[in-house]
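Residue numbering restarts at 1 for every chain, and letters A, B, ... go by the order of the sequence lines.
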2 protein chains.
Amino acid sequence: MDTPYIFSKLKNKKTEIFTSTKINEIKSLRDLSQPLFTLRKKTLLITERDKFNGLYLVHSGLLKQSHIRKPGESEIITHFFLPGDIIGLDSICEHHYCGPVTSIETSSLSLIKFRNIDEYLIAQENHNKLLRVLSRSIRTEHARLWRTLSQPSDARLAYFLITMSNKFSELGYSPNAFRLAMSRQEIANYLCMASETVSRIISRFENEGLLSANRHDYFILDPIGLATIAKKNRSSPNFSG
Amino acid sequence: MDTPYIFSKLKNKKTEIFTSTKINEIKSLRDLSQPLFTLRKKTLLITERDKFNGLYLVHSGLLKQSHIRKPGESEIITHFFLPGDIIGLDSICEHHYCGPVTSIETSSLSLIKFRNIDEYLIAQENHNKLLRVLSRSIRTEHARLWRTLSQPSDARLAYFLITMSNKFSELGYSPNAFRLAMSRQEIANYLCMASETVSRIISRFENEGLLSANRHDYFILDPIGLATIAKKNRSSPNFSG
DNA sequence: CGCTCGTTTGAAAGAGGTCAAACTTGGTGG
DNA sequence: CCACCAAGTTTGACCTCTTTCAAACGAGCG
């Protein structure tokens, strides 16, 4: 199947709408941030040696955070940051960021500067916002990692695609037709699998009529079927629901 | 090898010392908490339906938090809580706790009540403490899960034992001789492996002279060798350091 | 003393990783 | 405009690790 017509739309859509109820707190954080700036693709935003100086709010584009590995080793990707995501939550009150952050495609961001956390957060209101965001972040990250950890690779990938789909949906895009700028290798590193496995499973999904994938363009044909695979897990093959 | 002499000491040691510099913030949080209470072994502290009403500070004993699974499925253990740990960090500003929390052995705890988070956290000081604890918790949990996720099972188990060793060391106990009240099955669920695999790897470690394990009592004979196994990973067999 | 539950050990099967080769695509230069 | 090159992707064969199934073992408890 060729690239669906909707992809051409997606590629040009540059809006930065924050429509999700989930990110209400972020909206107000955005008001406190510095002006937008643009980062060209494959550019380092944060190096491993940068000191923590604030949170970055992603307005458009895609970035990744990775762990430092020895040369020759495959990189470990800990986060993909999409529009609406916040970079640096795990580094508040620490001296340095967790790992280098690189843009995968051209992205626009704004900085919420933290010269001194105590100085910045004088308003009780800001404190509470931040607490909420942090606590939610712990929960969702933990849930995501546990899902990844405890499930076979097809379920991991299906869950990843559904998560992406939901994110795009929240941002006002189509949940079933989207472009993922990251490579297969990067998806594999994010999900802790070999890139060959990602390829194989995508091929299998295509054969089963669940989705259509052409390089960076994905088209989910059977969201329910995909969700069924994402929910299945090792210890309960006869899953019901 | 028989149970080393030190175990008898450990079993009777009921102190609740918080000597770690890592948990300075917790110390002061403790001052704000309600009196101690005791929970008998294998007792539910938090059910899946309990509404969030505060953080629990563990003074002694051992508890586990799990995820709700359908009957017949093996449980997923997301956390073990040792003395000095805080239960509920991922549930601040949420309505419910993440999953049921059960004591594995007799434990003593205190509650830091949060009738209303805004009411409780009037003092800026408390806010900052909590921010620090939360941010650190995101980072350490993330690191732990990534380690678990990306490494073979022997490295997972070695890392788990080292983590336990460090925790006991921080609490003022011996780092090389300790009692873990959880069963093999529970360790396996925590590390996302089959309990048989845990058994096999422990046997292997014993044969290799790395440790001696007798039911719930563990005696680390070669901490450096264990650390080497914990650090090795899939993509770099020729690890150096 | 015998029961039960957790643990250990063995054998077989399956999932995923590694290695290697073929293929596709986008960019470059003639 | 076309040929070529480099990088990413796909596919196949093989191998290793882990799980699963099954049975034996051991300790604690009535």
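Between the CD atom of A/Gln185 and the P atom of D/dT10 there is a distance of 12 Å, rounded to whole Å. D/dT11 atom P lies 13 Å from atom CD1 of A/Ile201, rounded to whole Å. Taking atom CD1 of residue A/Ile202 and atom C1' of nucleotide D/dT11, one finds them 14 Å apart after rounding to whole Å. Here the P atom of nucleotide C/dT7 and the CD1 atom of B/Ile187 are 8 Å apart, to the nearest Å. Rounded to whole Å, the distance from CE on A/Met193 to P on C/dA15 is 14 Å. When the C1' atom of C/dT7 is taken as reference, atom CG of B/Leu157 falls 15 Å away, rounded to whole Å. Straight-line distance from the CZ atom of A/Arg204 to the C1' atom of C/dG16: 12 Å, rounded to whole Å. Between the C1' atom of D/dT9 and the CG atom of A/Leu180 lies a distance of 16 Å, rounded to the nearest Å.
No side-chain donor-acceptor contact under 3.5 Å links A/His67 and A/Thr78.
Taking only side-chain nitrogens and oxygens, A/Thr197 comes nearer than 4.0 Å to OP1 or OP2 of C/dG17. The phosphate of D/dT18 (OP1 or OP2) has a side-chain N or O of B/Ser153 nearer than 4.0 angstrom. Put simply, B/Ser203 has a side-chain N or O that comes within less than 4.0 Å of OP1 or OP2 on C/dT9.
Note: A/Tyr218 and A/Phe178 have parallel aromatic rings, judged against thresholds of 30 and 60 degrees for the angle between ring planes.
Between A/Leu180 and A/His216 there is no side-chain heavy-atom pair separated by less than 4.5 Å. Between B/Tyr190 and B/Val198 the shortest side-chain heavy-atom distance does not fall below 4.5 Å. Side-chain contact between B/Glu208 and B/Ile229 is present, with at least one heavy-atom pair separated by less than 4.5 Å.
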Under 3.5 Å, which N/O atoms of the protein pair with N/O atoms of nucleotides 20-26 of chain C?
none

Might you work through the salt bridge (Lys or Arg N to Asp or Glu O under 4.0 Å) test for B/Arg144 and B/Glu141, ending with a clear yes or no? CA-CA 5 Å; B/Arg144 178 178 76 77; B/Glu141 268 302 287; 3.2 Å; yes
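Pairs passing the salt bridge (Lys or Arg N to Asp or Glu O under 4.0 Å) check and including a residue from residues 59-68 of chain A, sequence neighbours excluded, read A/Lys64-A/Glu75, A/Lys64-A/Glu186.
The nucleotide whose nearest atom lies closest to any side-chain atom of A/Ser199 is, among C/dG6, C/dT18, D/dT11, D/dT11.
The base of D/dT20 is paired with the side chain of B/Arg200 by a donor and an acceptor separated by under 3.5 Å.
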